[in-house]
Amino acid sequence: YLSFGFDDERPFGQLARTEKGKEFRQKKMVLMRQLMEILDNEAIPRTLFILGDYLDACQLDVPLGELQGIYLRPLNDIAQHSYSHGMIKRIADYATDRPIMTPTEFLSDVGKANDVLKKVLNVTPMGLRTPLVYDNDLS
């Protein structure tokens, strides 16, 4: 069996609300449509880890029906990737200027992402992929 996991997160934050972000998002939607069709044709199940802020930004210029057509497919499992892609643990020498979220802030961020996924795609995700790369998980 082959399965596929994909983090759908860029562009997010301030960049997502610029003309450059819009152009990036439009190109990405073309890629996502093509990717989903290839995976559908090969009957490959996949989990999409969607960032809440990214999905919010998509609503600025991608019609709701188009978003649902891309993401709501029989072989897709929708999970989340938080709302803001915040740091929850310091990573050595990486983005040292970024603040670390408290557990309470992170739970709120996850809740906000769940709300967006429910509103836009009418799904309640069961899975979560933490933002960034954490060696040895979060222990």
Side-chain angles (χ1 to χ4, degrees):
Y1 290 98
L2 175 67
S3 63
F4 183 75
F6 184 78
D7 294 351
D8 206 0
E9 62 190 34
R10 301 218 189 282
F12 67 91
Q14 293 176 348
L15 172 63
R17 276 110 181 123
T18 66
E19 193 60 34
K20 185 176 180 181
K22 179 179 178 178
E23 291 171 16
F24 188 112
R25 195 167 37 256
Q26 289 172 340
K27 289 177 185 176
K28 187 170 183 183
M29 287 293 124
V30 170
L31 170 70
M32 287 298 292
R33 274 189 230 90
Q34 293 170 343
L35 180 60
M36 292 301 109
E37 288 186 24
I38 290 167
L39 295 172
D40 285 347
N41 289 339
E42 298 299 324
I44 298 173
R46 77 253 11 170
T47 302
L48 303 174
F49 297 93
I50 303 174
L51 190 74
D53 182 73
Y54 170 75
L55 193 58
D56 254 351
C58 284
Q59 296 179 87
L60 297 172
D61 48 51
V62 181
L64 182 60
E66 187 175 338
L67 284 173
Q68 292 173 341
I70 290 170
Y71 292 113
L72 299 178
R73 294 173 179 252
L75 294 175
N76 284 8
D77 178 35
I78 304 295
Q80 68 139 297
H81 195 41
S82 79
Y83 184 84
S84 66
H85 212 268
M87 291 185 77
I88 54 178
K89 181 179 172 186
R90 181 67 55 213
I91 300 171
D93 299 326
Y94 177 78
T96 55
D97 60 328
R98 288 179 63 182
I100 303 297
M101 296 177 116
T102 67
T104 301
E105 290 168 333
F106 183 67
L107 287 175
S108 176
D109 200 64
V110 166
K112 189 173 180 181
N114 277 345
D115 293 345
V116 172
L117 287 161
K118 182 68 174 174
K119 180 181 82 176
V120 177
L121 301 178
N122 197 31
V123 296
T124 302
M126 298 302 295
L128 165 71
R129 184 180 182 314
T130 57
L132 306 170
V133 177
Y134 295 99
D135 294 338
N136 301 317
D137 65 48
L138 295 175
S139 59

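- Note on V62 and I78: same hydrophobic cluster, where clusters join Ile, Leu, Val, Met, Phe, Trp and Tyr whose side-chain heavy atoms are under 4.5 Å apart, directly or indirectly.
- Looking only at side-chain heavy atoms (C-beta outward), R25 and P11 come within less than 4.5 Å of each other.
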Tabulate below the donor-acceptor pairs under 3.5 Å that side-chain atoms of residues 116-126 make, not counting sequence neighbours, or state none.
unit_1: K118; atom_1: NZ; unit_2: N122; atom_2: OD1; d: 3.4

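- If you chain together hydrophobic residues whose side chains sit under 4.5 Å apart, L75 and L72 never meet in one group.
- The main-chain N or O of G65 is never found under 3.5 Å from a side-chain atom of Q68 such that the two would form a donor-acceptor pair.
- How far CG of L48 is from CG of N76: 4.5 Å, rounded to the nearest 0.5 Å.
- In this structure, V30 and Q34 have side chains that are in contact, with non-hydrogen atoms separated by less than 4.5 Å.
- Across every non-hydrogen atom of T47 and A79, the tightest pair is CG2-CB, 3.9 Å.
- Note on L64 and L55: same hydrophobic cluster, where clusters join Ile, Leu, Val, Met, Phe, Trp and Tyr whose side-chain heavy atoms are under 4.5 Å apart, directly or indirectly.
- Atoms CZ and OG1, from F49 and T130 in turn, are 10.0 Å apart once rounded to the nearest 0.5 Å.
- Within the 4.5 Å cutoff, side-chain heavy atoms of S82 are placed close to those of L51.
- Residue M32 is grouped with residue I44 when hydrophobic side chains (ILVMFWY) are merged at heavy-atom distances under 4.5 angstrom, including chains of intermediate members.
- Between R10 and D53 there is no salt bridge, since no side-chain N of the basic residue sits under 4.0 Å from a carboxylate O of the acidic one.
- In the model, D61 has no side-chain atom that pairs as donor or acceptor with a side-chain atom of Q26 under 3.5 Å.
- A salt bridge links D40 with R46: the distance from a Lys NZ or Arg NE/NH1/NH2 to an Asp or Glu carboxylate oxygen falls below 4.0 Å.
- How far CD of E9 is from CD of Q80: 12.5 Å, rounded to the nearest 0.5 Å.
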Any chance you could lay out the side chain to side chain contact (heavy atoms under 4.5 Å, CB included) test for E37 and R73, step after step, and finish with the verdict? CA-CA 10 Å; E37 288 186 24; R73 294 173 179 252; 4.3 Å; yes
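- Rounding to the nearest 0.5 Å gives a distance of 12.0 Å between CD1 of I50 and CG of D56.
- With Y54 as the aromatic partner, K28 meets the cation-pi criteria of under 6.0 angstrom to the ring centre and within 45 degrees of the ring axis.
- Under the 4.5 Å side-chain criterion, counting only non-hydrogen atoms from C-beta, I100 is not in contact with K89.
- In the model, S84 has a side-chain atom that pairs as donor or acceptor with a side-chain atom of D109 under 3.5 Å.
- No path of Ile, Leu, Val, Met, Phe, Trp and Tyr side chains, each step under 4.5 Å between heavy atoms, connects I88 with L107, placing them in separate hydrophobic clusters.
- Inter-residue side-chain proximity for E105 and S108 is flagged as unmet; no heavy-atom pair is nearer than 4.5 Å.
- Minimum heavy-atom separation, R33 to I70: CG-CG1, 3.7 Å.
- No side-chain N or O of D115 forms a donor-acceptor pair with one of Y83 less than 3.5 Å apart.
- Closest approach of M29 and C58 over heavy atoms only: CE-SG, 3.8 Å.
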